[in-house]
Amino acid sequence: MELNNIIKMNKLPFLLLLLCFFTSCSKDNDIEAINYDYYYPTESAEITAKQIGDGTGTLDPKGIAISKEKLYVCNGSTLEVFDALTLAHLKTISNYIKGSTTIPLTLLTSISIDNGRIYLGSEESRLFVLDEATGLGINTVGNGQWWQTFVHVFGVVVKDGLVFVKEKEKSIKVFETSQITETSNWNLTPIAKLNTLNGWTEAYSMDVQSGNLIVAGRDAKSYLYYDIANIKANAANSLTTPIEPSTAPFASNKPISVTFSNDFAVTSENSGSTNYVRLYSKEAFMNKNYKAVMSASDILGQNPFGVIVGNAQLDDRIFLSDNTNKKIRIIKLNKSTIAEQKN
């Protein structure tokens with residue numbers, strides 16, 4: 001009996017300690033935690049020349065686009081088409097074919113897909129327009145002579161009825177999609193012209209977001225913003241004095257590519273010998289606030305990025321046109337939430 005009482009008394013300090021522990025935990029739980037989202041990339045897959053045809057050719061990726069779960073890659077003088085889910089190679093398009101007319105696709109730089117049409121920019125001063133369903137030609141803009149419609153073509157984006165074509169040096173020409181029909185003339189007159197401040201013969205990446213044309217101004221070392229309503233309002237005058245963009249200081253980095261997802265501006269940038277893939281909040285980016293929510297020059301310390309000349313997204317995967325390493329790199333975007341408690 002006395003022994004039992006001693007045992008019971010010895011349990012009291014333990015019970016008091018346990019009670020204090022739970023009381024402390026309860027107090028900590030009352031403190032509101034601040035959550036921080038941390039984004040990081042992991043390697044998912046890659047596409048190399050070995051996956052095209054018999055595997056003996058080359059891959060020189062430039063502009064890329066995804067539409068209807070198909071990945072389109074500008075590869076020198078061909079357009080390669082892949083299943084964007086399985087990455088299986090589906091076909092190679094080597095020629096623009098319309099009736100009895102066949103024109104080889106050469107020096108492809110850029111691609112945009114909109115409303116059932118594929119728009120292909122060629123360094124040989126042409127814009128090819130193909131039917132997305134059949135791959136057959138609808139028409140061409142430019143005839144391959146640099147002193148005619150285009151002084152080469154280094155970038156194209158099409159959205160909301162407008163076609164933006166980046167040519168040599170500082171020029172972007174703007175057309176309406178309705179100008180391009182099966183019977184339209186190859187030598188179309190642009191409705192407006194834009195000035196990119198600097199430029200020469202590099203491939204350019206562009207996208208349209210929130211009523212603005214956004215250009216990765218690699219030579220201007222800044223992202224370039226053009227208000228589309230302003231372009232339309234001042235279209236006639238711009239044919240004489242091309243419209244200049246709105247910009248903001250952008251450190252020493254050189255923007256190379258830009259596209260927009262539901263939540264982010266997805267970019268590639270260059271700083272010296274280092275190439276980055278960066279994500280910005282879409283809202284912040286449109287307000288010219290360049291605080292990246294993800295900035296990566298490699299994958300978890302391995303496999304550094306080369307020059308990424310184009311990117312495209314499908315769900316949580318980002319497709320990167322790595323021209324330095326001659327491959328399409330597919331990375332997965334991962335998110336971790338870190339909770340920090342403030343005392």
Side-chain angles (χ1 to χ4, degrees), residues 63 65 74 108-130 138-181 184-220 222-247 255 257-260 286 310:
C74 292
L108 298 180
T109 60
S110 45
I111 180 172
S112 185
I113 303 175
D114 178 75
N115 199 27
R117 289 179 170 187
I118 301 172
Y119 297 79
L120 289 172
S122 166
E123 199 170 325
E124 292 200 341
S125 303
R126 273 195 177 100
L127 181 69
F128 295 99
V129 185
L130 312 179
I138 294 174
N139 214 326
T140 62
V141 184
N143 69 343
Q145 296 176 322
W146 63 264
W147 58 91
Q148 297 286 351
T149 313
F150 299 120
V151 186
H152 315 297
V153 175
F154 293 105
V156 60
V157 67
V158 185
K159 196 167 185 180
D160 298 334
L162 295 177
V163 183
F164 301 90
V165 180
K166 172 69 175 70
E167 57 179 354
K168 188 178 179 180
E169 297 179 344
K170 300 184 291 183
S171 173
I172 293 177
K173 289 180 176 176
V174 186
F175 302 85
E176 293 178 326
T177 55
S178 60
Q179 290 178 265
I180 306 171
T181 68
S184 57
N185 189 277
W186 59 264
N187 194 22
L188 295 179
T189 300
I191 65 165
K193 292 182 180 180
L194 313 178
N195 184 334
T196 63
L197 305 180
N198 281 296
W200 190 237
T201 60
E202 302 86 357
Y204 262 62
S205 173
M206 306 180 284
D207 204 355
V208 173
Q209 178 62 40
S210 302
N212 289 266
L213 171 69
I214 310 297
V215 179
R218 55 193 300 166
D219 294 291
S222 181
Y223 290 101
L224 314 179
Y225 298 69
Y226 301 86
D227 184 283
I228 292 176
N230 180 59
I231 293 173
K232 293 177 178 179
N234 294 282
N237 291 336
S238 74
L239 297 176
T240 302
T241 305
I243 297 169
E244 294 192 356
S246 170
T247 64
S257 71
V258 59
T259 61
F260 292 89
M286 294 308 298

Once you round to the nearest 0.5 Å, how far does CZ of Phe175 lie from OG1 of Thr149?
7.0 Å

Could you tell me the separation between the CD atom of Glu167 and the NE2 atom of His152, rounded to the nearest 0.5 Å?
9.5 Å

Kindly indicate, with the supporting measurements, whether the criterion side-chain contact (heavy atoms from CB on, under 4.5 Å) is fulfilled by Asp219 and Lys170.
CA-CA 9 Å; Asp219 294 291; Lys170 300 184 291 183; over 6 Å; no

Start with the C-alpha gap between Phe154 and Glu202, add the side-chain angles, then the distance that decides, and say whether side-chain contact (heavy atoms from CB on, under 4.5 Å) holds.
CA-CA 6 Å; Phe154 293 105; Glu202 302 86 357; over 6 Å; no

Given Ile243, which of Asn230, Ile172, Asn237 fulfils the side chain to side chain contact (heavy atoms under 4.5 Å, CB included) condition?
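That would be Asn230; it is the only one of Asn230, Ile172, Asn237 passing the side chain to side chain contact (heavy atoms under 4.5 Å, CB included) with Ile243.
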
As a test of understanding, state which of Val158, Val165, Val157 forms a side chain to side chain contact (heavy atoms under 4.5 Å, CB included) with Met206.
Val157

Tyr119: which residues meet the ring-ring contact (aromatic ring centres under 6.0 Å, His included) condition with it, sequence neighbours left out?
none

May I ask you to decide if Asn143's main-chain N or O and Arg126's side chain share a donor-acceptor pair within less than 3.5 Å?
yes

Sidechain-backbone polar pair: Arg218 side chain, Ala203 backbone, donor-acceptor under 3.5 Å
yes

side-chain contact (heavy atoms from CB on, under 4.5 Å) evaluation trace for Ile214 with Phe260:
CA-CA 10 Å; Ile214 310 297; Phe260 292 89; 3.9 Å; yes

With a 6.0 Å cut-off (strictly less than), is the heavy-atom count around CH2 of Trp146, excluding the residue itself, greater than 12?
no

What's the verdict on side-chain contact (heavy atoms from CB on, under 4.5 Å) for Leu162 and Val208, showing C-alpha distance, side-chain angles and the deciding distance?
CA-CA 10 Å; Leu162 295 177; Val208 173; over 6 Å; no

